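Numbering of ligands and ligand atoms starts at 1, following listing order. All values reported here derive from a predicted model rather than from experimental measurement. Quick note: numbers below take in every heavy atom, side chains included, and nothing from hydrogens, waters or symmetry partners.
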Amino acid sequence: MNVTKNIAVVGASGYSGAELASLIAKHPNFSLSGCYVSEQSLDKNTLLSQLYPEHGNLLDTPLLPLSASAFADIQAQADYVCLCTDHKVSVELAPKFLEMGKKVFDLSGGYRLATSQDYEQYYGFSHPYEQWLKQAEYGLAEWNAQAIAAAQLIAVAGCYPTAALNALKPLKQAGLIADEKIIINAVSGVTGAGRKASINTHFCEVSLAPYGLFNHRHTPEIKQYLDHEVLFTPHLGNFARGILETIYVSLKPQVTSNQIEAAYQVLADEPLIRLKGAQLPSIKGVAGLPYVDIGWQQQGSQLIVVVAIDNLLKGAAGQALQCMNLSSQLQPELGLKGAW
Ligand SMILES: NC(=O)C1=CN([C@@H]2O[C@H](COP(=O)(O)OP(=O)(O)OC[C@H]3O[C@@H](n4cnc5c(N)ncnc54)[C@H](OP(=O)(O)O)[C@@H]3O)[C@@H](O)[C@H]2O)C=CC1
Ligand SMILES: CC(=O)N[C@@H](CCC(=O)OP(=O)(O)O)C(=O)O
């Protein structure tokens, strides 16, 4: 199909924004209408290729300040707007582009949870745009493709939830999980914390440590889209990119290995999911790649599932591109699989 979509990337100097800009620049049906940063940005008017020379000339495009004239340009030129910005910034920007009639793909958590109350509890602010919150569709590509294709606002799934939900939804859907809380221990590389300097995420300071015990904002996101209680503990590890989650699931009595294998078949034909069975995934197996790798081993009623993704690809830009493909009636993996 001969589709061409022009796409504005806001927050293009950040880790997920630059990754997304490079995917769009390489995509056969998409092109970059403009790359934007804040009006005060130290990087404004710099070429994106100067910040990310690894992409070579592909990103020889200036980082434009998001000024009034930039809004006018986006209104005139863009079909889709991708927000690769902090959730507070996205919450305010999304309605502006939605009111222009644009499709908005928000990579932040600003529109993922169901109610304003959830935002008060986990994000520390009351959500000002409940009407858009209600209309947002969750951008977990393998599980919500039809709704994503039809939606104007897509809340691209969070990085840790993307891994956890792909690992757990097959088991939940097959009715194999006992009532106990599922325990999710996750480790992320440092790019997960974004490009902005901070002592806690300074590469030389990071070793391996947990954070966000009991109250990380991905706890309600996983719970909401899995419909099961979880105890989620993220850790920051001393590597650049990738997420690995080790997930402890109590199974209902008498669940067999064949039932588990059969439950995962729901994902068997998905081009960006790799089912590994007893062979356990690793960061090395997914870093820089668009896949979700899922492996598992069982002992009686205890199942341990291990899942790995690249946080910037399947956990952010890759999945955003998948959602844009779905919106454009293109193959969901176009521009992702075989790009490496
Ligand atoms: N990193 C990851 O692995 C993942 C990130 N996400 C989410 O994606 C979003 C972006 O994350 P990440 O790429 O890590 O973030 P970064 O901190 O690396 O980048 C943020 C970008 O937003 C720009 N920006 C900040 N304020 C504004 C503004 N008011 N208007 C326009 N642009 C602005 C920044 O540029 P400047 O400040 O110079 O203007 C920068 O380009 C976040 O919501 C994050 O939670 C989701 C999944 C995974
Ligand atoms: C290592 C690290 O700090 N990770 C980030 C999560 C990544 C992210 O950007 O979160 P969203 O997917 O919700 O946007 C954090 O824990 O806040």
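- Between Arg112 and ligand 2, a contact under 3.5 Å exists for at least one N or O pair.
- Taking both residues in full, the closest heavy atoms of Tyr122 and His216 are given as CD2-O, 4.0 Å, listed atom of the first, atom of the second, then distance.
- The shortest heavy-atom contact between Ile154 and Cys323 is CG2-SG, 4.0 Å.
- The distance from ligand 1 to the heavy atoms of Ala316 drops below 4.0 Å at these ligand atoms: 47 (C), 48 (C).
- Closest protein heavy atom to atom 42 (C) of ligand 1: Thr85 O, 3.3 Å.
- Residue, atom and distance of the protein heavy atom nearest to atom 18 (O) of ligand 1 are Arg195 N, 2.8 Å.
- Which parts of ligand 2 touch Ser188 is read off a 4.0 Å heavy-atom cut-off, strictly below it: atoms 1 (C).
- In this structure, the ring of His235 has its center no less than 6.0 angstrom from the ring center of Tyr211.
- Near His218, meaning under 4.0 Å from one of its heavy atoms, ligand 2 places the atoms 10 (O), 11 (P), 12 (O), 13 (O).
- At a heavy-atom cutoff of 4.0 Å, ligand 1 is contacted by the backbone of Cys84 but not by its side chain.
- The cationic atom of Arg274 (NZ for Lys, CZ for Arg) lies less than 6.0 Å from the six-membered ring centre of Tyr291 and within 45° of the ring axis.
- Under a 4.0 Å criterion applied to the non-hydrogen atoms of Asp86, ligand 1 contributes the atoms 43 (O).
- Residue contacts with ligand 1 for Val156 are absent, since no atom lies close enough (heavy atoms, distance under 4.0 Å).
- Taking the side chain as every heavy atom from C-beta outward, Tyr225 and Pro220 never approach each other to under 4.5 Å.
- For ligand 2, the atoms lying closer than 4.0 Å to a non-hydrogen atom of His216 are 15 (C), 16 (O), 17 (O).
- Atom OH of Tyr111 sits about 7.0 Å away from atom CG of Leu98, to the nearest 0.5 Å.
- Of all the atoms in ligand 1, the ones that sit under 4.0 Å from a non-hydrogen atom of Ser16 are 8 (O), 10 (C), 11 (O), 12 (P), 13 (O).
- By the 3.5 Å distance cut-off applied to N or O atoms, Glu221 is not counted among the residues near ligand 2.
- At under 3.5 Å, a nitrogen or oxygen of Gly11, whether backbone or side chain, sits near a nitrogen or oxygen of ligand 1.
- Inclusion of Gly189 in the set of residues having an N or O under 3.5 Å from an N or O of ligand 2 is not warranted.
- One side chain, Tyr80 or Ser328, offers a donor N or O that lies under 3.5 Å from an acceptor on the other.
- Evaluated by nearest non-hydrogen atom to atom 14 (O) of ligand 1, the leading choice among Ala70, Gly194, Ser41 is Gly194.
- Protein heavy atom at the shortest distance from atom 47 (C) of ligand 1 is Gly315 O, 3.1 Å.
- Note on Glu39 versus Lys44: no salt bridge recorded, every NZ/NE/NH1/NH2 to OD/OE distance being 4.0 Å or above.
- Taking distance alone, with nitrogen or oxygen atoms compared against 3.5 Å, Gly192 approaches ligand 2 more closely than that limit.
- Close approach of ligand 1 to Cys159 is summarised as follows: ligand atoms under 4.0 Å from at least one heavy atom of the residue are 47 (C), 48 (C).
- Per-residue contacts place Gly158 under 4.0 angstrom from the following atoms of ligand 2 (heavy atoms of the residue considered): 12 (O).
- Taking the charged nitrogens against the carboxylate oxygens, Asp227 and Lys169 have no contact shorter than 4.0 Å, which rules out a salt bridge.
- Ligand-side atoms of ligand 2 in range of Leu107: 14 (O), range being under 4.0 angstrom from any heavy atom.
- Atom 44 (C) of ligand 1 is not flagged as protein-proximal [any protein heavy atom, distance under 4.0 Å].
- Judged purely by distance below 3.5 Å, without hydrogens or angles, the side chains of Glu221 and Tyr160 never pair a donor atom with an acceptor atom.
- For Pro234, the closest heavy-atom approach to ligand 2 does not fall below 4.0 Å.
- Of all protein heavy atoms, the one lying nearest to atom 41 (O) of ligand 1 is Ser13 OG, 2.6 Å.
- When non-hydrogen atoms are compared, ligand 1 lies under 4.0 Å from the backbone of Asn311 as well as from its side chain.
- For atom 25 (C) of ligand 1, the nearest non-hydrogen atom of the protein is Ser38 CB, 4.6 Å.
- For ligand 2, the polar-atom distance check against Tyr160 finds no nitrogen or oxygen pair separated by under 3.5 Å.
- The environment of Gln299 atom CD is sparse: at most 12 non-hydrogen atoms of other residues, nucleotides or ligands sit within 6.0 angstrom.
- Under a 4.0 Å criterion applied to the non-hydrogen atoms of Gly192, ligand 1 contributes the atoms 1 (N), 2 (C), 3 (O).
- For atom 19 (O) of ligand 1, the closest heavy atom belonging to the protein is Gly14 CA, 3.2 Å.
- The closest side-chain donor-acceptor pair between His27 and Asn325 falls under 3.5 angstrom.
- Protein heavy atom in closest approach to atom 17 (O) of ligand 2: Arg217 NH1, 2.9 Å.
- Atom 6 (C) of ligand 2 has Cys159 SG, 3.8 Å as its closest protein atom, hydrogens excluded (heavy atom only).
- Residue Gln254 qualifies as open at atom CD: its count of foreign heavy atoms under 6.0 Å is 12 or below.
- For the residue pair Thr162 and Gln319, a side-chain donor N or O sits within less than 3.5 Å of a side-chain acceptor on the partner.
- Using a 3.5 Å distance cut-off with no hydrogens or angles, the side chains of Asn29 and Thr4 do not pair a donor with an acceptor.
- Ligand 1 lies nowhere less than 4.0 angstrom from a heavy atom belonging to Tyr36.
- Between Glu137 and Arg112 there is no salt bridge, since no side-chain N of the basic residue sits under 4.0 Å from a carboxylate O of the acidic one.
- Residue Leu236 has at least one heavy-atom neighbour below 4.0 Å for each of these atoms of ligand 2: 1 (C).
- Between the side chains of Gln322 and Lys314, at least one donor N or O lies within less than 3.5 Å of an accepting N or O.
- A side-chain donor-acceptor contact under 3.5 Å links His228 and Lys172.
- Using a 4.0 Å cut-off between charged nitrogen and carboxylate oxygen, Glu19 and Arg241 count as a salt-bridge pair.
- Residue contact annotation: His87 has no non-hydrogen atom under 4.0 Å from ligand 2.
- Interface atoms of ligand 1 facing Leu312, defined by a heavy-atom separation under 4.0 Å, are 1 (N), 2 (C), 3 (O).
- Side chains of Ser41 and Ser38: no donor on one and acceptor on the other come within 3.5 Å.
- When hydrogens are left out, the protein atom nearest atom 29 (N) of ligand 1 is Val89 CG1, 3.6 Å; that is the closest non-hydrogen contact.
- Looking at ligand 2, you'll find an N or O of Tyr211 within less than 3.5 Å of one of its N or O atoms.
- Residues Leu336 and Leu272 share a closest heavy-atom pair of CD1-CD1, 3.8 Å.
- Protein heavy atom at the shortest distance from atom 7 (C) of ligand 1 is Leu107 O, 3.4 Å.
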